[in-house]
Amino acid sequence: MSDSVRQDPAAAAAGFAALHRAGDPLVLPNAWDHASACLLAARGFPAIGTTSLGVAAAAGVPDGTSATREETLRLALALGSEPFLLSVDAEGGFSDDPDEVAAFARELAAVGAVGINLEDGRGPVRRHAAKIAAVKSAAPGLFVNARTDTYWLGDGDGDGEAGLGATLRRLDAYQEAGADGVFVPRLTDAGRIAALVDALDVPLNILYSPTGPPLPHLADLGVRRISVGSLLYRRALGAAVEAMADVRAGREAAGAAPTYAEVRALGEGRDEGREGG
């Protein structure tokens with residue numbers, strides 16, 4: 001991404017929206033801190049999302065409890081000036097009051113974020129739609145990815161709340177409220193994914209799953225955004241535990257790792273920026 005595009009909020013927002021392409025979807029890694037985001041961006045990912053689980057776990061609180069508003073904002077502040085496009089996982093907006101959610105979204109946009117994820121927790125559709133509308137009014141350039149949890153918190157089968165019909169009714173309300181994209185985590189059935197793509201006017205985001213369709217199949221189905229959620233964070237935790245088990249057992253710690261100097265260098269530009277003003 002060119003510096004001129006990154007410095008122009010409107011151009012950055014348009015660039016992020018343009019990455020949601022049919023046939024060539026946005027593959028969005030989810031980071032949990034400055035180092036993980038910068039290392040992922042260095043591997044050629046033009047946009048980075050955050051993971052609310054990673055932020056919450058680092059703070060020692062459960063995910064999805066609206067307890068990490070300030071931690072999420074601090075992470076956005078750390079990442080918003082970096083040379084990649086940033087989308088922030090904001091749980092349900094950290095409030096049931098649409099005006100408060102809008103104020104938070106305005107703060108995210110002010111520090112450089114170009115996108116926000118807002119989840120409904122299977123709560124009232126009208127309340128979530130009101131949050132989306134308030135965010136689009138407060139920060140029109142922010143790409144609102146509206147998530148429904150009908151599959152995440154339900155069984156994903158049948159004609160009940162977790163069924164495809166209920167899911168589509170929610171997503172339709174959210175796109176009518178102004179959502180730029182919609183997200184259905186834990187939906188892995190190819191037929192249902194295709195049905196949603198056909199019924200929607202905005203890009204569909206699917207959470208990557210090792211048991212679901214591979215990326216090329218999701219692209220063929222018309223999915224325009226594929227994210228990994230907390231997968232990378234959980235993999236990092238697993239790698240740390242396995243490495244320490246190897247050390248304790250007298251084995252060489254397996255797996256690739258950046259050097260101390262490489263990780264330290266990730267913060268050097270930030271130090272220079274602080275010293276310069």
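Below, each value reflects all heavy atoms present in this structure, side chains not excepted, and no hydrogens, waters or symmetry copies. Numbering starts at 1 and runs along the sequence shown.
- Across all non-hydrogen atoms, the minimal contact from Gly141 to Ala13 is O-CB, 3.3 Å.
- In this structure, Glu107 pairs ionically with Arg69, as a charged nitrogen and a carboxylate oxygen lie closer than 4.0 Å.
- Within 6.0 Å of CZ on Arg21 lie more than 12 heavy atoms contributed by other residues, nucleotides or ligands.
- Between Leu85 and Phe45 the shortest side-chain heavy-atom distance does not fall below 4.5 Å.
- A distance of 11.0 Å separates CZ in Arg106 from CG in Leu108, rounded to the nearest 0.5 Å.
- The minimum heavy-atom distance between Ile193 and Pro213, with the atom names listed, is CD1-CG, 4.4 Å.
- Shown here for Leu232 and Pro29, the closest heavy-atom pair between the two residues is CD1-CB, 4.1 Å.
- Looking only at distances, a side-chain donor or acceptor of Lys131 sits under 3.5 Å from a matching main-chain atom of Ser95.
- Transitive grouping of hydrophobic side chains (ILVMFWY, heavy atoms separated by less than 4.5 Å) brings Leu215 and Leu231 into a common cluster.
- Distance alone, capped at 3.5 Å, is enough to place a donor-acceptor pair between the Asn205 side chain and the Arg225 backbone.
- With rounding to the nearest 0.5 angstrom, the CD1 atom of Ile132 is 11.0 Å from the CD atom of Glu176.
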Run Arg147 and Trp152 through side chain to side chain contact (heavy atoms under 4.5 Å, CB included) and show every step you take. CA-CA 10 Å; Arg147 164 176 157 171; Trp152 185 258; 3.3 Å; yes
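- From Leu118, atom CG reaches atom OG1 of Thr148 across 12.5 Å, with rounding to the nearest 0.5 Å.
- Side-chain contact between Phe16 and Leu26: present, with at least one pair of heavy atoms (C-beta onward) separated by less than 4.5 Å.
- The backbone N or O of Tyr233 sits nowhere less than 3.5 Å from a side-chain atom of Ser230 that would complete a donor-acceptor pair.
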Before you tell me yes or no, could you show the steps for Asp180 and Val202 under side chain to side chain contact (heavy atoms under 4.5 Å, CB included), namely the whole-Å CA-CA distance, both residues' side-chain angles and the distance that decides it to 0.1 Å? CA-CA 6 Å; Asp180 302 283; Val202 297; 6.0 Å; no
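- Distance alone, capped at 3.5 Å, is enough to place a donor-acceptor pair between the Gln175 side chain and the Asp201 backbone.
- In this structure, His128 contributes its side chain and Ala146 its backbone to no donor-acceptor pair below 3.5 Å.
- Asn30 approaches Thr50 most closely through the heavy-atom pair ND2-O, 3.1 Å.
- Counting only heavy atoms from C-beta outward, the side chains of Leu221 and Leu204 never approach each other to under 4.5 Å.
- Under the 3.5 Å distance criterion, the side-chain polar atoms of Arg122 are matched with a main-chain donor or acceptor of Leu153.
- Of the candidates Val55, Leu53, Thr68, Thr51, Asp63 forms a side-chain contact (heavy atoms from CB on, under 4.5 Å) with just one, namely Leu53.
- Remark: the backbone N or O of Gly123 is not paired with any side-chain donor or acceptor of Asp120 at under 3.5 angstrom.
- In this structure, OG on Ser209 lies 9.5 Å from CG on Leu218, to the nearest 0.5 angstrom.
- Across every non-hydrogen atom of Ser87 and Ile116, the tightest pair is OG-N, 3.8 Å.
- Classification of Arg74 and Glu70 as a salt-bridged pair fails, no side-chain N sitting under 4.0 Å from a carboxylate O.
- A side-chain donor-acceptor contact under 3.5 Å links Glu91 to the backbone of Ser66.
- Taking every heavy atom of both residues into account, Glu82 and Ala78 meet most closely at CG-O, 4.0 Å.
- Side chains of Ile48 and Leu79 form no contact here, defined as non-hydrogen atoms less than 4.5 Å apart.
- Residues Tyr174 and Val125 meet the side-chain proximity criterion, which asks for heavy atoms closer than 4.5 Å.
- Relative orientation of the Phe143 and His20 rings is parallel, given thresholds of 30° and 60° on the angle between their planes.
- Between Phe183 and Leu207 there is a side-chain heavy-atom pair separated by less than 4.5 Å.
- For the pair Phe104/Thr72, a side-chain contact is recorded, criterion being any heavy-atom separation below 4.5 Å from C-beta on.
- Only one option out of Asp149, Val182, Val184 pairs with Thr167 in a side-chain contact (heavy atoms from CB on, under 4.5 Å); it is Val184.
- Hydrophobic cluster membership is shared by Tyr208 and Leu237, with clusters built from Ile, Leu, Val, Met, Phe, Trp and Tyr side chains linked at under 4.5 angstrom.
- A donor-acceptor contact closer than 3.5 angstrom is absent between the side chains of Asp89 and Asn117.
- Interatomic distance, Leu168 CG to Leu200 CG, rounded to the nearest 0.5 Å: 6.0 Å.
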